[in-house]
2 protein chains.
Amino acid sequence: MNGRKPIKEPPMNNNVVAVIGCGLIGQSWSALFACYGYDVKAWDPAPNWVPEFQAAVDKAREQVRALHGGSNAEGTITAASSLEEAVGCAFWIQENAPESVPLKIDLYSRIEAAAKPETVIASSTSSLTWSELSTHFSHRDRFVTAHPFNPPHLMPLVELYAPDASTRLRAEGFYNGLERKAVVLSQDAVGHIANRLASALWREAVNIVDQGIADVSAVDTALVHGPGLRWSVVGAHMAYHLGGGAGGIEHYLKHLGPSQERRWSTLGNPKLTPELCRRIVDGVMEEAAGQSVSELEASRDAGLMRALAARAGGRS
Amino acid sequence: MNGRKPIKEPPMNNNVVAVIGCGLIGQSWSALFACYGYDVKAWDPAPNWVPEFQAAVDKAREQVRALHGGSNAEGTITAASSLEEAVGCAFWIQENAPESVPLKIDLYSRIEAAAKPETVIASSTSSLTWSELSTHFSHRDRFVTAHPFNPPHLMPLVELYAPDASTRLRAEGFYNGLERKAVVLSQDAVGHIANRLASALWREAVNIVDQGIADVSAVDTALVHGPGLRWSVVGAHMAYHLGGGAGGIEHYLKHLGPSQERRWSTLGNPKLTPELCRRIVDGVMEEAAGQSVSELEASRDAGLMRALAARAGGRS
């Protein structure tokens, strides 16, 4: 990594990013920001949150360094003793509080009172919308939803929604400057893009288990070695373009559109009954084959790092 | 590649695989079979099919060699002058005819008349089922649906369904011996697993475009850099296990199951109207940015090869 990339809008007269809420997502963001040269002021309301945060951030920073190479230009990470201290000197604020509208709205009023007026306030919310969260802002133009995909220090995607064009541009510049892939929504939507797609796929994955077509681990194996692998290279629309032969998507829609619509009508709409949940839990336990969540996470991260390194190789 | 891997059931007294139907899928299978040491007898009813077949097979063989290293033990590929000649001496038959039940049933009766009784007859069908296709067999025990994911010489997934346990075992051994990932369905199903998942995801991808939430290329970019990348490493069920914190999938289902069910109810069910099809076609053309289908295919294949090489690196 050769330090942080230039961003489209110049940063303010400082280099400080505030991270508000330091669970899984806040830890991961903090590591990424610091590796790309920003000084991070982190704050969380939980008692004694710092040791666990510090350990997680150290591990994540090692992963970012392994992927992109080290740098002398890394920033610092410090634990602030109050929200006000964290945001006061920041030019960017990344909020990662629990998914509760009143809780976040309360945080934003404290943030607005303490932050400089030019500071962008970004929310990592995965399930709430800009419209729900922006109702009580004094200056909502500077608010953006910036939803990362877990874990943000490895996954490139950041989904953005902000009605204000200048805030949107600043957000694109900021996240792309961290070598993320910023994707801008045209319209505010629950679940943004990625979680809507993930939810639609999982509904059918659960249906396949419910109907007895295949068990949990067969479904996951098919996904990883089939569509998942392909979608890590080409998107869903593009995949059908390439499945349409020389006539591409136009040919595909004309000849196979009706059969897709028929298939859509056969997809399931399962209910997560206690019995079905039990089968899913048992299936996942069988697939985990005795590995703990943190062992599985380590193996996922290693797989993601290999996949990302392979992509980087392809670009050069 | 150190020649073909041992298969669980011993092959017959010869090494010949017949490939019936030599379009995209048949070409790709032929290349894979030959690279793993089998002698391929290929047949297609189209006039003058051989030159295009030969060119495609040569290109695919180069890709398999680049991925797995060359071998002195590669098999030969010859064009048979009749279906009967192709299947007569084969121990394995891979049928890749168009997706028409009467057409395939007619082929199977000719295949059964000419093939040895112990030969397995495998169909690459993506949208038809074992139950539909097996109605007219004299000996349907030896029939298996073996659906690859395009392109089969690169994509590991092969989805299998056969009620007969011995045929199922032979099929698992055969495809895993080609370093594929054979996934066995418990129940015959339209779209097997992978195309059901792909169809469910695409329905929502189309809905997102239809609703104006994001355009075609934003949806594809979000997928490739978000859920697609993650699903190339961990399956959908496992991803929620890791999203549940230390409590895993059990915690996830208990706390977030109801919100998933609510989200399922907000997913769309678009109609592929001419107007929507036009927007999808225009969006894909914009995403393609002037690249032809074959250029995009080459770029997809290069991406897949990088991803597969990265996986192989992780295993060693």
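The sequence lines fix the lettering, A, B, ..., with proteins before strands; numbering per chain opens at 1. Scope of the values below: all heavy atoms of this structure, side chains included, with no hydrogens, waters or symmetry mates. Just so it is clear, the model here is predicted, and its values are computed rather than measured.
Within the 4.5 angstrom heavy-atom criterion, only side-chain atoms of B:V183, from C-beta onward, approach chain A. Both the backbone and the side chain of B:A288 have a heavy atom closer than 4.5 Å to some heavy atom of chain A. Interface residue B:N207: only side-chain heavy atoms are found under 4.5 Å from chain A. In this structure, the portion of A:Y240 lying under 4.5 Å from any heavy atom of chain B is its side chain and not its backbone. Contact of A:L229 with chain B is made through backbone and side chain together, with heavy-atom distances under 4.5 Å. Neither the backbone nor the side chain of B:R180 has a heavy atom closer than 4.5 Å to any heavy atom of chain A.
Contact count against chain A (heavy-atom pairs under 4.5 Å) is highest for B:N195 among B:V184, B:N195, B:L154, B:V190. Counting heavy-atom pairs under 4.5 Å between each of A:T266, A:L185, A:V216 and chain B puts A:V216 at the top. Counting heavy-atom pairs under 4.5 Å between each of A:D215, A:L24, A:V206, A:V158 and chain B puts A:V206 at the top.
Using non-hydrogen atoms only and a strict 4.5 Å limit, the part of residues 291-299 of chain B facing chain A consists of B:V293, B:L296, B:E297.
Ionic pairing of B:E204 and A:R203 is not present here: no N-O contact between side-chain nitrogen and carboxylate oxygen is shorter than 4.0 angstrom.
You'll find the side chain of A:V234 stays beyond 4.5 Å of the side chain of B:L223, heavy atoms only.
Taking CZ of B:F149 as the reference point, atom NE2 of A:H225 lies at 13.0 Å (rounded to 0.5 Å). Taking CD1 of B:I213 as the reference point, atom CD of A:E159 lies at 11.0 Å (rounded to 0.5 Å).
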